[in-house]
Trainee: 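Sharing a structure below in structure tokens format, with a few things to ask.
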Amino acid sequence: MDAPETRALHDAVLDWYDTHARELPWRGEAATPWSVMVSEFMLQQTPVVRVLPVHAAWLERWPAPADLAADTTGEAVRMWGRLGYPRRALRLHAAAVAIVERHDGEVPRSYDDLVALPGVGDYTASAVASFAFGQRHVVLDTNVRRVLVRAVSGRELPAPAVTRAERDVATALLPADEPTAATWAVATMELGALVCTARRPACDACPIATECRWRAAGFPAYDGPPRRGQAWDGTDRQCRGRIMALAREGDSVSADQVAAAWPATDQRERCLTGLVADGLLTQVTPGRWALPG
DNA sequence: TATCCGTGGGG
DNA sequence: TCCCCAAGGAT
């Protein structure tokens with residue numbers, strides 16, 4: 001569990017984090033569990049720099065789960081702005097409602113209670129339990145996965161989905177001490193975000209470069225199953241994005257506005273129907289839609 | 001398990 | 001320019 005070589009690895013990463021960690025609003029003493037949870041929702045597939053201003057505005061407006069729960073989903077979607085994947089705003093609102101109903105308005109501490117909330121999966125539950133409450137959990141995000149697959153397994157990039165072997169590695173490396181484990185989680189994540197990046201890793205600045213098996217092996221290129229990029233041009237996602245952008249701009253959107261923004265009739269209708277079904281829009285009158293009130 | 005779900009910046 | 005990808009989750 002804490003073999004000497006593992007201790008050395010821990011110390012190197014923890015020392016590096018101590019001097020190189022970014023000061024982020026959802027870290028430090030002032031950060032509330034709610035602030036941490038909001039950040040984790042926003043950071044799902046969205047870069048830190050884009051989250052910062054929205055996170056600040058969000059917490060100013062809704063300082064506690066009950067504040068958000070008392071407001072409309074439409075306002076949550078509007079405040080979400082252009083972070084992308086607006087269903088996350090819906091889920092965060094639903095999570096706030098559940099926190100009020102089931103946990104007396106306090107973000108729950110246990111992994112099981114957290115993972116039961118809307119929009120909270122294994123990663124987010126572990127992250128909140130670890131970052132907000134200092135607990136010992138394996139926190140496997142894309143950064144940690146990349147760091148571990150390189151340092152331990154000697155490969156450039158992890159497989160498309162988390163494997164059992166990966167989780168075993170992460171579990172074996174997790175420090176036994178609870179607060180140390182929590183710092184280890186955020187430190188390995190930070191290392192992946194700042195140094196052991198996907199494209200041009202800054203191995204010169206890496207605290208564990210001498211112990212990295214990928215580096216020792218001469219940086220062999222990724223040879224796993226093909227990583228399929230997601231199509232974008234002409235997709236429903238693009239169409240939905242256009243419609244939601246219009247809906248965010250004003251009080252409502254007309255059929256003519258939507259038609260001007262997306263000429264393909266069938267797809268436009270399908271996306272409007274889908275957005276309503278998802279709860280991202282409501283039809284206020286025939287041929288007019290708005291963010292849900 | 002594979003696919004769907006937004007948006008924008010950097011190499 | 002084009003392509004990749006950024007603290008995932010739900011189905």
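This is a predicted model, so every value here is computed, not measured. Chain letters run A, B, ... following the sequence lines, proteins first and then strands; every chain starts at 1.
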Trainee: With nearest nucleotide decided by heavy atoms, which residue, A/V49 or A/G84, maps closer to the 5′ end of DNA chain B?
Mentor: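 Counting from the 5' end, the first nearest nucleotide belongs to A/G84.
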Trainee: Can you tell me if A/R88 and A/T46 form a side-chain donor-acceptor pair at under 3.5 Å?
Mentor: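 Yes, a side-chain donor-acceptor pair sits under 3.5 Å.
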Trainee: Once you apply a heavy-atom cut-off of 4.0 Å, does A/L92 come out as touching a base, just sugar-phosphate, or nothing?
Mentor: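 Nothing, no nucleic acid heavy atom in range.
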Trainee: For A/T142, answer base if it contacts any base atom (sugar-phosphate contacts may also be present), sugar-phosphate if it contacts only those atoms, and nothing otherwise; contact means non-hydrogen atoms under 4.0 Å.
Mentor: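 If one applies the 4.0 Å heavy-atom cut-off, A/T142 turns out to touch the sugar-phosphate alone, with no base involved.
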Trainee: Please evaluate the base of B/dG6 for a donor-acceptor partner in the side chain of A/R237 within a cut-off of under 3.5 Å?
Mentor: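 Check passes, donor-acceptor contact within cut-off.
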Trainee: I'd like the C1' distance from B/dG8 over to C/dT1, given in whole Å.
Mentor: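 Their C1' atoms lie roughly 16 Å apart.
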Trainee: Could you please name the option among C/dC5, C/dA7, B/dG8 that lies closest to any side-chain atom of A/R50?
Mentor: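 The nucleotide sitting nearest to the side chain is B/dG8.
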Trainee: Under 4.0 Å, counting only non-hydrogen atoms across every strand here, what does A/R248 touch: a base, just sugar-phosphate, or nothing?
Mentor: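 Sugar-phosphate contact only.
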Trainee: What is the separation between atom CG on A/L90 and atom C1' on C/dG8, rounded to the nearest whole Å?
Mentor: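 The answer, rounded to whole Å, is 16 Å.
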Trainee: Identify which nucleotide among C/dA7, B/dG9, C/dG8 has an atom closest to any side-chain atom of A/M189, counting heavy atoms from C-beta outward.
Mentor: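 Nearest listed nucleotide: C/dA7.
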Trainee: I want to verify a distance call: between C/dG8, B/dC5, C/dC4, whose nearest atom is closest to the A/Q230 side chain?
Mentor: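 In terms of side-chain proximity for A/Q230, the closest of C/dG8, B/dC5, C/dC4 is B/dC5.
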Trainee: I'd like to know if A/D141 pairs up with A/R146 as an ion pair, taking the criterion as any Lys NZ or Arg NE/NH1/NH2 lying under 4.0 Å from an Asp or Glu carboxylate oxygen.
Mentor: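 Between A/R146 and A/D141 there is no salt bridge, as every charged N stays at least 4.0 Å from the carboxylate O atoms.
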Trainee: Assess the side chains of A/R237 and A/Q230: does a donor N or O sit below 3.5 Å from an acceptor N or O?
Mentor: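 Looking only at side-chain atoms, A/Q230 and A/R237 do form a donor-acceptor pair, the distance falling under 3.5 Å.
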Trainee: Distance check, P atoms only: C/dA7 and B/dG11, in whole angstrom units.
Mentor: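 Looking at atom P only, C/dA7 and B/dG11 are 15 Å apart.
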Trainee: Please confirm whether A/R227 makes a cation-pi placement over A/Y222, using NZ or CZ under 6.0 Å from the six-membered ring centre and within 45° of the ring normal.
Mentor: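 That pair qualifies as a cation-pi contact.
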Trainee: Distance check: side-chain N/O of A/T124 vs OP1/OP2 of C/dG9, anything under 4.0 Å?
Mentor: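 For A/T124, the contact criterion (side-chain N or O under 4.0 Å from OP1 or OP2 of C/dG9) is met.
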Trainee: If you find the nucleotide of DNA chain C closest to A/R87 and the one closest to A/R146, which residue's nucleotide is nearer the 5' end?
Mentor: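 The residue closer to the strand's 5' end, by nearest nucleotide, is A/R146.
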Trainee: Ion pair present between A/D278 and A/R240, side-chain N to carboxylate O less than 4.0 angstrom?
Mentor: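 A salt bridge links A/D278 with A/R240.
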Trainee: Which part of the nucleic acid does A/P160 contact within heavy-atom distance under 4.0 Å: base, sugar-phosphate only, or nothing?
Mentor: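 Counting heavy atoms under 4.0 Å across all strands, no contact is made by A/P160.
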Trainee: Considering every strand and a 4.0 Å limit on heavy-atom distances, what is the contact class for A/G229: base, sugar-phosphate, or nothing?
Mentor: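 No contact.
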Trainee: By the 4.0 Å heavy-atom rule, please label A/W26 as base, sugar-phosphate, or nothing.
Mentor: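 Answer is base: heavy atoms of A/W26 come under 4.0 Å of a base.
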Trainee: With a 4.0 Å limit, can you tell me whether A/Q45 has a side-chain N or O closer than that to the phosphate oxygens OP1/OP2 of C/dG8?
Mentor: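 Yes.
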Trainee: For B/dG11, take OP1 and OP2 only and decide whether either is under 4.0 Å from a side-chain N or O of A/R200.
Mentor: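 For A/R200, the contact criterion (side-chain N or O under 4.0 Å from OP1 or OP2 of B/dG11) is not met.
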Trainee: Quote, to the nearest angstrom, the C1' distance that separates B/dG10 from C/dG8.
Mentor: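 The same atom, C1', in both gives a distance of 22 Å.
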Trainee: Just by distance, no angles: are the side chains of A/W262 and A/Q267 close enough, under 3.5 Å, to form a donor-acceptor pair?
Mentor: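 The criterion, which ignores hydrogens and geometry beyond distance, is satisfied for A/Q267 and A/W262.
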Trainee: On DNA chain C, check which nucleotide each of A/V115 and A/V48 is closest to and give me the residue with the more 5' one.
Mentor: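 On the 5' side of the pair lies A/V48.
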Trainee: OP1, OP2 of B/dT7 versus side-chain N and O of A/R88: anything below 4.0 Å?
Mentor: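 The answer is no; no side-chain N or O of A/R88 sits under 4.0 Å from OP1 or OP2.
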Trainee: At under 4.0 Å between heavy atoms, what does A/R240 touch on the DNA or RNA strands: base, sugar-phosphate, or nothing?
Mentor: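 Sugar-phosphate, backbone atoms only, no base.
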Trainee: Starting at atom CG of A/D233, determine the distance to atom P of C/dC2, rounded to an integer number of angstrom.
Mentor: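 Atom CG in A/D233 sits about 10 Å away from atom P in C/dC2.
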Trainee: Just to confirm, is there a sub-4.0 Å distance from OP1 or OP2 of B/dG8 to any side-chain nitrogen or oxygen of A/R82?
Mentor: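 The answer is yes; a side-chain N or O of A/R82 sits under 4.0 Å from OP1 or OP2.
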